[in-house]
Number of protein chains: 2
Amino acid sequence: MLTTKEHPSADRVWKTVAESFPAISRATVYNTLNLFVEKGLLRELHLDPDSVVFDPKLETHHHFIDEATGAIHDIPWDRVQVCNLESMRGFKVREYQVVMRGTKRH
Amino acid sequence: MLTTKEHPSADRVWKTVAESFPAISRATVYNTLNLFVEKGLLRELHLDPDSVVFDPKLETHHHFIDEATGAIHDIPWDRVQVCNLESMRGFKVREYQVVMRGTKRH
DNA sequence: CACGAGATGTAGACTAAGTCTAAATCATGA
DNA sequence: TCATGATTTAGACTTAGTCTACATCTCGTG
């Protein structure tokens with residue numbers, strides 16, 4: 001999980017882990033994932049309409065959601081830029097990202 | 001709903017509507033909201049960790065999430081810009097937005 | 001080694017958002 | 001008025017995420 005390039009849901013992680021550790025409890029997987037988030041080892045994303053997904057990549061980056069497959073792709077931070085953030089006058093922006101949707105070119 | 005500046009969840013809409021129409025069924029509210037989305041009268045957002053929220057503002061815009069209150073604010077499209085989108089070479093970007101999190105200044 | 005205390009994991013119950021279903025009701029045209 | 005299709009209802013159902021009580025593990029100490 002901590003090294004995957006994907007963005008699995010908790011249940012997906014559970015199913016994957018259960019292949020190697022069939023005795024592991026679902027609650028343990030949820031609890032562990034949430035602990036990792038709390039301790040800063042993972043980030044949770046609310047991009048998927050069905051569930052929270054977890055992102056092991058801690059460096060700030062953008063996201064591209066493939067509408068055909070549902071896959072979430074990490075986009076390097078400096079690939080695109082958000083210009084004019086200073087104009088957000090009434091807000092203190094702690095973090096931001098560009099969320100893009102579309103399809104992957106072949 | 002179609003004119004609100006907020007981003008209510010389905011259940012929030014239900015509770016609001018039920019004040020005027022106590023007989024309305026929860027499923028009707030869900031069904032109607034989903035129909036509105038399908039017909040393009042509303043957009044659904046997956047920004048809130050707890051539920052889908054609905055956005056009546058059809059013009060493209062960005063979002064700012066107030067982490068203190070959970071409130072979602074619409075940010076005018078031209079307030080900030082995403083530069084270098086052409087660099088998304090392997091992707092066909094159908095739509096994008098900047099999602100910002102932080103707090104509102106007093 | 002034994003023991004106690006705290007941490008961690010388990011198994012299943014529980015909650016709540018969202019969906020489904022069968023039936024009732026409504027709306028419309030003939 | 002009636003038939004038909006559309007819409008709504010009320011509650012059941014599903015499932016992601018959380019909670020709970022208990023079991024098990026880990027570690028430090030004597």
Side-chain angles (χ1 to χ4, degrees), chain A residues 1-58 63 65-73 99 101, chain B residues 1-58 63 65-73 99 101:
Chain A
M1 172 75 243
L2 290 181
T3 60
T4 186
K5 300 223 175 182
E6 306 202 328
H7 301 78
S9 66
D11 270 356
R12 204 136 129 245
V13 172
W14 180 42
K15 292 204 171 73
T16 304
V17 171
E19 286 169 11
S20 307
F21 305 94
I24 199 162
S25 156
R26 179 160 168 262
T28 300
V29 173
Y30 274 92
N31 289 338
T32 306
L33 287 170
N34 288 334
L35 182 66
F36 282 6
V37 170
E38 185 191 316
K39 299 297 184 187
L41 299 178
L42 286 181
R43 303 189 64 169
E44 56 179 13
L45 301 178
H46 305 112
L47 295 175
D48 187 314
D50 297 320
S51 62
V52 179
V53 296
F54 295 90
D55 187 345
K57 185 165 182 161
L58 298 180
H63 288 104
I65 298 155
D66 187 320
E67 294 178 304
T69 67
I72 300 175
H73 297 271
V99 179
R101 293 175 208 270
Chain B
M1 171 75 247
L2 290 181
T3 59
T4 185
K5 298 219 180 198
E6 305 202 327
H7 301 79
S9 66
D11 270 356
R12 199 135 133 243
V13 172
W14 179 43
K15 293 203 170 72
T16 305
V17 170
E19 287 168 11
S20 308
F21 305 95
I24 199 161
S25 155
R26 179 161 168 261
T28 299
V29 173
Y30 273 94
N31 290 338
T32 306
L33 287 170
N34 288 334
L35 182 66
F36 281 6
V37 170
E38 186 191 316
K39 298 299 183 186
L41 300 179
L42 286 181
R43 302 189 65 167
E44 56 179 13
L45 301 178
H46 305 113
L47 296 175
D48 187 317
D50 297 320
S51 62
V52 179
V53 297
F54 295 91
D55 187 345
K57 185 166 180 158
L58 298 180
H63 287 104
I65 299 156
D66 186 323
E67 293 178 305
T69 66
I72 301 175
H73 298 270
V99 179
R101 293 175 208 268

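Owing to the predicted nature of the structure, the values given are computational and were not obtained by experimental measurement. For the numbers below, each heavy atom of this structure counts, side chains included, while hydrogens, waters and symmetry mates do not. The chains referred to below are lettered A, B, ... by the order of the sequence lines, with proteins before strands, and numbering in each begins at 1.
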Notebook entry, point to check: Given side chains that start at C-beta, do those of A:Leu47 and A:Val99 come closer than 4.5 Å, heavy atoms only?
Noted result: yes
Margin query: A:Ala68: which residues meet the side chain to side chain contact (heavy atoms under 4.5 Å, CB included) condition with it, sequence neighbours left out?
Written below: A:Asp66, A:Thr103
Next item on the list: Quickly work out the B:His46 NE2 to D:dA16 P distance and round it to whole Å.
Entry: 15 Å
Check: Are the side chain of B:Thr28 and the backbone N or O of B:Ile24 linked by a donor-acceptor pair below 3.5 Å?
Finding: no
Check: chain B on DNA chain C: first and last contacting nucleotide, 5' to 3', under 4.0 Å to a heavy atom?
Finding: C:dA17 to C:dC20
Check: Through what angle, rounded to 10 degrees, does the axis of the helix from C:dC1-D:dG30 to C:dA30-D:dT1 turn between its ends, using five pairs per end?
Finding: 10°
Check: Starting at NZ of A:Lys15 and ending at C1' of D:dG17, how long is that distance when rounded to a whole Å?
Finding: 13 Å
Margin query: Looking at every non-hydrogen atom in both residues, tell me the closest pair between A:His46 and B:Pro49 and how far apart they are.
Written below: NE2-CB, 3.3 Å
Checklist line | N/O (side chain, A:Tyr30) to phosphate O (OP1/OP2, D:dT18) under 4.0 Å | finding: no
Check: Over how many whole Å does the gap from A:Asp48 atom CG to D:dT15 atom P extend?
Finding: 15 Å
Next item on the list: With the side chain counted from C-beta on, respond yes when A:Leu45 and A:Phe54 share a heavy-atom pair under 4.5 Å apart, and no when they do not.
Entry: no
Next item on the list: Using the side chain to side chain contact (heavy atoms under 4.5 Å, CB included) rule, take B:Leu42 and B:Asp55 through it: C-alpha gap first, then chi angles, then the decisive distance, then the call.
Entry: CA-CA 6 Å; B:Leu42 286 181; B:Asp55 187 345; over 6 Å; no
Next item on the list: Tell me, please, which residues at least two apart from A:Asp11 pass salt bridge (charged side-chain N to carboxylate O under 4.0 Å, His left out).
Entry: A:Arg26
Under 3.5 Å donor-acceptor pairs involving side-chain atoms of residues 15-22 of chain A, not counting sequence neighbours:
from    : atom 1 : to      : atom 2 : distance (Å)
A:Thr16 : OG1    : A:Arg12 : O      : 2.9

Item checked: B:His73: partners by side chain to side chain donor-acceptor pair (under 3.5 Å), with sequence neighbours left out -> none
When you compare the protein's N or O atoms with those of nucleotides 4-9 of chain D, which come within less than 3.5 Å of each other, and at what distance?
from  : atom 1 : to      : atom 2 : distance (Å)
D:dT9 : OP1    : B:Ala23 : O      : 3.3
D:dT9 : OP2    : B:Ser25 : N      : 2.9
D:dT9 : OP2    : B:Thr28 : OG1    : 2.5

Note to self: Quick test of your reading: applying salt bridge (charged side-chain N to carboxylate O under 4.0 Å, His left out), list the pairs with at least one residue in residues 39-49 of chain B, sequence neighbours left out, ordered by first then second residue.
What the structure shows: B:Arg43-B:Glu95
Item checked: A:His7 side chain to A:Ile72 backbone, donor-acceptor under 3.5 Å -> yes
Item checked: Interatomic distance where CG belongs to A:Asp11 and P belongs to D:dT18 [whole Å] -> 11 Å
